[in-house]
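Let me begin by presenting the structure, written as structure tokens, before commenting on it.
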Amino acid sequence: MEGLLQKTAACLTACRGKKIAVGVSGGRDSMCLLHAVLNCGAVKKEDVTVVHVNHGIRENALRDEDFVRTYCADTGVKFICERVDAVGESKSRGLTLEQAARNLRYDAFYGAVKHGAAEVVITAHHALDNAESVLMHLFRGSGLDGARGMSQTAQFEYNAQARLPVLRPFIDVYPHEIDEYCAANGIKFVTDETNFADDADRNFLRLNVIPLIEKRYKGAVKAINAFSRECASACSVLDGLLDARLIEKRDGAVLVYDEALRGELAARYVRRALQEYSLVDITRAQIDRVAELVGMRTGAEAELANGVIAAREYGCVALYLPKITYCGESPLQTGANYIDGLKVTVELSDDSPYDVRGGAVDLDALDGAVLRFRRDGDMFVPFGGKRKKLKQYFIDKKIPARVRDRLPLICRGNEVLVIAGVEISDGVKQTESTTVRAVVRKTP
């Protein structure tokens, strides 16, 4: 019992003075965790907030919610409940119910951090959870990264812009230790009946595979966890061999250059790049598909998990989350113009065209123009060049397809007058007869 409290205190030492969110379902593991957090002496009760997620899946979901709410009220702990539609999320995004529920839980955790209720999230993942994760990753085709399992301290890749600090005090604690602690401290909890159904992958392993393995090989779970720690050490060594210059963030994507994808560490480069999004549900087969794009034509794509697209580009493979193309347009005006979150400014300026590359225009030549994104049939006359299809211009300039769709255009009909931030049409250049000089700039 003291060992469990000591492990919790040691893990939470770095949290002194910080606000923490404890994920609590009401089940045995999370109720044990909450009790240990409140009694280990590492944090103050007023800094603790319980986050309960009602997935709306089971008949007893409201019972569990009320149980946790009442416990928090009785013990004086702040309580947040998020009610979500895991079934709807599963259907709309093509995920398993297990995946959808997990994503929605992390949405709730991230919300608590984003809105200032917490600075770090504490979860009740334990040693058996880790062993199950390692096996699931291996069976799905994982490499070393999947085999290393969960760490006690993690930066969960919530999305491309944010990391979610997660601590797992029980990651080296086994279920029998939790049982003993609950019994010794009279901890009450609710039982999720779906834990006894083996339709979900994790339950299938817990109820069928691991007991069978343990029956034949005593101590197998501990051996799996020891193996995962060794894999984690190996991953750290291999990561130290990577050349950071071969991965670059640009134009809303993560680029992995061909040199990285042709070597023995190709899979590690891909995994490192995918950390900008999420490694959850990424399999070895998907990683191999990314590496195979090196030998394909420009524009070839592979769809990965979590909506990430891998696309063959010029000298690299780009990993990105596609955006729905905005089809609207608006009349161009002097000053600030906006299109789908992008800003294009048109400012009066006497700056020399040689000092404003690709942006110095005759303002009168833009009369009646609109701001929009590209469309089929667009034509362009590059500065000092010949008229051609806009698509051909992009190909000649080696501008990737995903970037083309997000370049703001100043157009009149199907004639492109300015590709903001790239080049102006020869028809809007400044000449000796220009009376109103202006500069077009795209930000960022």
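Side-chain atoms are counted along with the backbone in the values below, which use heavy atoms only and exclude waters and symmetry mates.
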Can you find a pair of side-chain heavy atoms, one from Arg402 and one from Asp405, that are under 4.5 Å apart? no
So Arg229 and Asp172, do their side chains get closer than 4.5 Å, heavy atoms only? yes
Are there more than 12 heavy atoms of other residues, nucleotides or ligands under 6.0 Å from atom CD of Glu59? no
Does the side-chain contact (heavy atoms from CB on, under 4.5 Å) test come out yes or no for Asn130 and Gln152, once each step is laid out? CA-CA 10 Å; Asn130 184 65; Gln152 186 177 76; over 6 Å; no
Between Arg69 and Asp66, is the salt bridge (Lys or Arg N to Asp or Glu O under 4.0 Å) condition met? List the steps. CA-CA 5 Å; Arg69 178 184 285 106; Asp66 290 339; 3.2 Å; yes
Any salt bridge between Arg406 and Asp340, counting N to O under 4.0 Å? yes
Flag the pair Arg372 and Asp378 as a salt bridge only when some basic side-chain nitrogen lies within less than 4.0 angstrom of an acidic carboxylate oxygen. yes
Inspect the surroundings of NZ in Lys391 and state if more than 12 heavy atoms from other residues, nucleotides or ligands are less than 6.0 Å away. no
Counting N and O atoms only, with roles assigned by atom type, does the side chain of Glu301 sit under 3.5 Å from a partner on the main chain of Ile309, one being a donor and the other an acceptor? no
For residues His125 and Val166, determine if any side-chain heavy atom of one lies less than 4.5 Å from a side-chain heavy atom of the other. no
Are side-chain heavy atoms of Cys182 and Met31 found at a separation under 4.5 Å? no
Answer yes or no: are there more than 12 heavy-atom neighbours, outside Glu259 itself, under 6.0 Å from its atom CD? no
Heavy atoms only: give me the nearest Val37-Val43 pair and the separation to one decimal. O-CG2, 3.6 Å
Contact check, side chains of Arg297 and Arg312, non-hydrogen atoms, under 4.5 Å: no
Charged N-O contact under 4.0 Å between Arg206 and Asp129: yes
Within the distance-only criterion (no hydrogens, no angle test), does the side chain of Ser30 pair as donor or acceptor with the backbone N or O of Ser25 below 3.5 angstrom? yes
Cut-off 3.5 Å, side chains only: do Asn103 and Gln99 have a donor facing an acceptor? no
Evaluate the criterion salt bridge (Lys or Arg N to Asp or Glu O under 4.0 Å) for residue pair Arg28 and Asp179; output intermediate values, then yes/no. CA-CA 8 Å; Arg28 178 201 63 175; Asp179 285 335; 2.8 Å; yes
Can you tell which of Leu371, Ile419, Val344 makes a side-chain contact (heavy atoms from CB on, under 4.5 Å) with Leu409? Ile419
Do Asp47 and Arg16 meet the salt-bridge criterion of a basic N to acidic O distance under 4.0 Å? no
Within a strict 4.5 Å, meaning less than it, do heavy atoms of the His126 and Leu33 side chains meet? no
Rounded to the nearest 0.5 Å, what separation is found between the CD1 atom of Ile287 and the CG atom of Leu274? 6.5 Å
If you look at every heavy atom in Leu12 and Cys40, which pair is closest and at what distance? CD1-SG, 4.3 Å
Ring geometry between Tyr174 and His176 (parallel below 30°, tilted from 30 to 60°, perpendicular above 60°): parallel
Is atom CD1 of Ile324 surrounded by more than 12 heavy atoms (other residues, nucleotides or ligands) closer than 6.0 Å? no
Is atom CG of Asp74 surrounded by more than 12 heavy atoms (other residues, nucleotides or ligands) closer than 6.0 Å? yes
Looking at Glu313 and Arg250, is there a salt bridge between them, counting it only when a charged N and a carboxylate O are closer than 4.0 Å? no
Between Arg202 and Ser133, is the side chain to side chain donor-acceptor pair (under 3.5 Å) condition met? List the steps. CA-CA 8 Å; Arg202 186 174 293 277; Ser133 294; 2.9 Å; yes
Would you check if Ser151 and Arg168 make a side-chain contact, meaning some heavy-atom pair closer than 4.5 Å? yes
Lys388, NZ atom: more than 12 neighbouring heavy atoms under 6.0 Å: yes
Side chains of Phe67 and Lys188, heavy atoms from C-beta outward: is any pair under 4.5 Å? yes
